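Report on one structure; see the data block that follows.
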Amino acid sequence: MKFNRYALGAMSGLALSSLMVTASIADTVRLKMAGTYPATHFGHEIVENMVKEIEDAGVGIKISYFPASQLGSGEELVEDAIRGNVDLVQAFIYAQTDPRLEMMNLPGLVTTFDELKSVYANPESNMNKILAEIMDDLGLVYLGNTGEGLVGIVANKKPNDPNGFGDKGMNIRVWSSEVAKKTTESLGYRTTTMNWAEVLPALQAGVIDGAICCTPEWAYSTFATAGVGKYFIPVNTAIEASSFYASGKSWEKLNQEQRDVIRDAAQKAALAAIDKSWDRNEGFIDKLKEAGWEILEYNTEERAALVAHIQNNVWPDLADMIGQDIMDALTEK
């Protein structure tokens with residue numbers, strides 16, 4: 001049987017086209033991204049936009065994004081990223097892997113929006129340069145840092161001496177950080193260390209009286225909407241922060257163009273989160289009030305006394321944890 005040469009040419013063209021498509025599919029890098037923002041949090045859309053920007057850049061990357069701690073809490077994700085089980089992460093980076101990461105919990109470092117942007121949003125800030133070095137030591141790649149706002153306490157009951165330093169008569173949750181524990185206890189609270197996923201049920205069951213954990217938005221969206229909690233105390237001792245980072249094992253498999261696209265998109269997302277979150281804070285204080293919560297606010301003199309108390313009573317102990325060189329770099333004026 002003789003084949004028409006044009007038909008043969010068409011078949012050859014189809015075969016070549018098929019091979020090219022197969023090669024294109026094979027060349028596409030598929031990454032798994034784990035996040036901790038719930039779908040109702042404004043940051044979820046920012047991460048979705050980041051993923052879309054990376055995929056639309058035409059550098060051969062497809063990303064499966066798992067929000068709302070589907071792949072684990074922040075404590076778990078840092079370990080999984082080190083092992084290469086996840087490729088990209090949006091989460092707070094906890095200090096259980098390296099005590100130097102306690103610098104992310106340094107209380108009283110940031111008190112205004114301008115300070116927040118200069119410390120967290122600037123890739124060349126001392127904090128971000130040090131964080132990048134520590135992550136590199138751990139086998140991780142720093143991509144960007146967000147600061148959503150200042151952290152307060154959600155509580156089921158009103159503490160004694162709420163704006164002073166006396167015994168509060170309350171046991172509240174702190175995250176896995178010696179700095180957070182020392183700071184909170186210096187304000188007169190008893191503390192229990194607890195993972196984020198355990199906080200809501202523990203507060204519902206009365207296992208704890210409250211938790212230091214949240215910006216006003218997180219307090220409203222996580223607790224008030226669930227009918228849990230009555231008080232918000234804006235101690236503002238830490239920043240509600242999360243980092244974008246990559247597994248070093250995954251990063252090694254990417255070419256430079258792919259790395260640049262991911263880094264640029266992550267830094268843009270981090271800045272967007274900072275800008276948007278700060279604008280939203282006051283509105284969620286109002287929402288908490290509408291939900292029947294009482295806000296135990298500090299006046300100007302009480303706030304200044306709180307910062308001075310932390311700097312005088314907590315900061316001197318931190319150099320042994322994070323290193324005097326890091327402490328000096330973070331607090332230099």
Side-chain angles (χ1 to χ4, degrees), residues 92 94-95 99 101-112 115-116 119 147-196 198-200 202-203 206-219 222-223 228-241 281 285 288 293-322 327 330-331:
F92 183 74
Y94 289 86
L101 289 170
E102 288 281 16
M103 73 173 192
M104 301 300 293
N105 301 304
L106 184 62
L109 178 65
V110 169
T111 58
T112 69
E115 290 172 348
L116 179 69
V119 172
E148 293 181 42
L150 294 159
V151 165
I153 293 170
V154 298
N156 274 333
K157 69 177 188 178
K158 189 173 183 176
N160 302 325
D161 189 25
N163 305 124
F165 310 113
D167 178 37
K168 300 297 187 289
M170 288 176 61
N171 175 37
I172 68 170
R173 171 264 185 182
V174 297
W175 62 96
S176 53
S177 161
E178 278 301 309
V179 173
K181 181 178 173 66
K182 279 181 175 290
T183 303
T184 306
E185 290 177 351
S186 80
L187 302 182
Y189 294 94
R190 299 189 305 277
T191 64
T192 296
T193 300
M194 187 178 291
N195 285 350
W196 171 247
E198 302 170 345
V199 176
L200 181 61
L203 202 53
V207 175
I208 53 176
D209 301 312
I212 183 167
C213 60
C214 307
T215 62
E217 178 162 2
W218 279 95
T222 303
F223 296 96
V228 178
K230 298 178 181 178
Y231 299 93
F232 183 73
I233 307 109
V235 289
N236 296 358
T237 53
I239 294 294
E240 179 68 49
N281 268 359
I285 286 288
L288 286 170
W293 284 43
E294 184 178 349
I295 312 301
L296 305 179
E297 186 56 90
Y298 288 74
N299 62 35
T300 302
E301 292 76 18
E302 289 168 339
R303 180 72 63 196
L306 174 69
V307 172
H309 173 82
I310 288 171
Q311 292 179 348
N312 292 332
N313 293 279
V314 180
W315 279 18
D317 295 333
L318 302 187
D320 290 339
M321 292 185 193
I322 67 175
M327 191 71 184
L330 293 177
T331 59

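Note that the structure is predicted; figures quoted are calculated from it, not measured. For this chain, numbers begin at 1 and follow the sequence in order. All values below were derived from every heavy atom in this structure, side-chain atoms included, with hydrogens, water molecules and symmetry-related copies excluded.
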Q) Does E102 have any side chain to side chain donor-acceptor pair (under 3.5 Å) partners at least two apart in sequence or in another chain, and if so, which? A) N105, S177

Q: Quickly, which of V179, V314, T184, I212 forms a side chain to side chain contact (heavy atoms under 4.5 Å, CB included) with T237? Name it, please.
A: I212

Using atom types as modelled, flag every donor-acceptor pair under 3.5 Å from a side chain in residues 147-159 to any protein atom, sequence neighbours excluded.
unit_1, atom_1, unit_2, atom_2, d
E148, OE1, H41, NE2, 3.0
E148, OE1, W218, NE1, 3.0
E148, OE2, Y37, OH, 3.4
N156, OD1, G229, N, 3.2
N156, ND2, L203, O, 3.1
K157, NZ, G169, O, 3.0

Q | Results of side-chain contact (heavy atoms from CB on, under 4.5 Å) for K181 - residues two or more places apart only | A | V174, E178, E185, T191

Q) Are W175 and C213 close enough that some pair of their side-chain heavy atoms sits under 4.5 Å apart? A) no

(Q) When you compare the side chain of F223 with that of W293, does any pair of heavy atoms fall below 4.5 Å? (A) yes

Q: Find out whether R173 and W196 are in side-chain contact, i.e. whether some heavy atom of one side chain is under 4.5 Å from a heavy atom of the other.
A: yes

Q. Which residues pass the side chain to side chain donor-acceptor pair (under 3.5 Å) test with R190, sequence neighbours left out?
A. none

Q) Should L306 and L187 count as side-chain neighbours, where that means a heavy-atom distance under 4.5 Å? A) yes

Q. For F165, what residues pass the ring pair (Phe, Tyr, Trp, His ring centres under 6.0 Å) criterion, not counting sequence neighbours?
A. H309

Q: Decide yes or no for M103 and L330: does some side-chain heavy atom of the first lie under 4.5 Å from some side-chain heavy atom of the second?
A: yes

Q) Hey, does the side chain of W315 reach the backbone of P107 with a donor-acceptor pair shorter than 3.5 angstrom? A) yes

Q: For residues L296 and Y231, determine if any side-chain heavy atom of one lies less than 4.5 Å from a side-chain heavy atom of the other.
A: yes

Q: With sequence neighbours excluded, tell me which residues meet side-chain contact (heavy atoms from CB on, under 4.5 Å) with D320.
A: none

